[in-house]
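This report concerns only the one structure given below.
Below, chains carry the letters A, B, ... as their sequence lines are ordered, and counting in each starts from 1. What you are looking at is a predicted structure, and each value in this text was computed from that prediction instead of being measured.
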Protein chains: 2
Amino acid sequence: MNQQCIFCRIVAREVQTKLVFEDEEVIAFRDISPVAPTHILIVPRVHIASVNDLDQSDAGMVGRMVLRAKEIAKEEGIASSGYRLVFNNGPDSGQVVKHLHMHLLGGRPLGGKLG
Amino acid sequence: MNQQCIFCRIVAREVQTKLVFEDEEVIAFRDISPVAPTHILIVPRVHIASVNDLDQSDAGMVGRMVLRAKEIAKEEGIASSGYRLVFNNGPDSGQVVKHLHMHLLGGRPLGGKLG
């Protein structure tokens, strides 16, 4: 755990946030500044700063983040209407929190612009 | 293979496209309508329509798509400047080709707008 990391503090329940999902590997909660009706972050419990810091042994965990997003999209009622999954990595992407997370966005037609 | 699917036809080399990367599991090639200096698609060889169509046994493959993006980002010289990874799924996301693919975008500051 990184004491300076807000997501680590959420994982540790030092910062109270209603969770949409949790298991031994990941947690999910709503973005504090949502940009779509559904805007959920899926976050590994372990502190990994970004995609650049992943190694091959993390592949299963990362894939399960995507599979989890699929399940949450169903629960949110947006599986058929559609959704977008986004990993931001580093300065050009606008990554704010330096703890790996994946955005799940949906609930309205999203902009066609990806960047 | 789905004969109507352009990405299946690229995988089968029926449609000629210069590949950035290939292994037994995925191929990668530049988007035909790039929206950033680096805009590469990472595509599984197998025809899976979207994230909705993934199952748990696909987790490792999906995670390796993300790990591959990390390696391609290094080769493109954008690992430090930053990059964005995007899966679009279904109508609200603007998913065009109904064969799972992940966008790798970078090479300039990307918009903060994710949707």
Subject >> Residue, of B:Asn89, B:Val51, B:Val86, B:Asp55, that accumulates the most heavy atom pairs under 4.5 Å with chain A >> reply: B:Asn89

Original post:
Given a strict heavy-atom distance threshold of 4.5 Å, which part of B:Ser50 is in contact with chain A: side chain, backbone, both, or neither?
Top reply: neither

Original post:
What option among B:Gly60, B:Gly106, B:Gly63 has the most heavy-atom pairs under 4.5 Å with chain A?
Top reply: B:Gly63

Subject >> Per-residue contact mode, B:Gln56 against chain A (heavy atom under 4.5 angstrom) >> reply: both

Original post:
Among A:Asn88, A:Val62, A:Ile78, which residue forms the greatest number of heavy-atom pairs with chain B at distances under 4.5 Å?
Top reply: A:Asn88

Original post:
If we only count heavy atoms from C-beta on, is the A:Met65 to A:Phe87 side-chain gap below 4.5 Å?
Top reply: yes

Subject >> Exam field: side chain A:Arg108 to backbone B:Asp92, donor-acceptor pair closer than 3.5 Å >> reply: no

Original post:
If you count heavy-atom pairs under 4.5 Å between each of B:Val35, B:Val96, B:Asn52 and chain A, which one has the most?
Top reply: B:Asn52

**OP:** Check for a donor-acceptor pair, side chain of A:Glu71 on one end and backbone N or O of A:Ala73 on the other, with a separation under 3.5 Å.
**Re:** no

Subject >> Which portion of B:Ala36 sits near chain A, non-hydrogen atoms under 4.5 angstrom >> reply: neither

**OP:** To the nearest 0.5 Å, tell me how far B:Ile48 CD1 sits from B:Asp53 CG.
**Re:** 8.0 Å

Original post:
Is the centre of the B:His99 ring less than 6.0 Å from the centre of the B:His101 ring?
Top reply: no

**OP:** Under 4.5 Å, counting heavy-atom pairs only, tell me which of B:Gly107, B:Gly82, B:Ser80, B:Gly111 racks up the most with chain A.
**Re:** B:Gly82

Subject >> Euclidean distance, A:Leu110 CG relative to A:Arg84 CZ, rounded to 0.5 Å >> reply: 5.0 Å

**OP:** Determine the interplanar angle of the B:Phe7 and B:Phe29 rings, folded into 0 to 90°, and report it as parallel if under 30°, tilted if 30 to 60°, perpendicular if over 60°.
**Re:** perpendicular

Original post:
Are any of the side-chain heavy atoms of A:Val66 and A:Met102 separated by less than 4.5 Å?
Top reply: yes

**OP:** Would you mind checking which part of B:Leu54 comes under 4.5 Å of any heavy atom in chain A, side chain (CB onward), backbone (N, CA, C, O), both or neither?
**Re:** both

Original post:
If you count heavy-atom pairs under 4.5 Å with chain B, which of A:Gly94, A:Ser93, A:Ala69 comes out on top?
Top reply: A:Ser93

Original post:
Quick one: of A:Ser81, A:Gly90, A:Pro91, A:Ala79, who has the most non-hydrogen atom pairs under 4.5 Å with chain B?
Top reply: A:Ser81

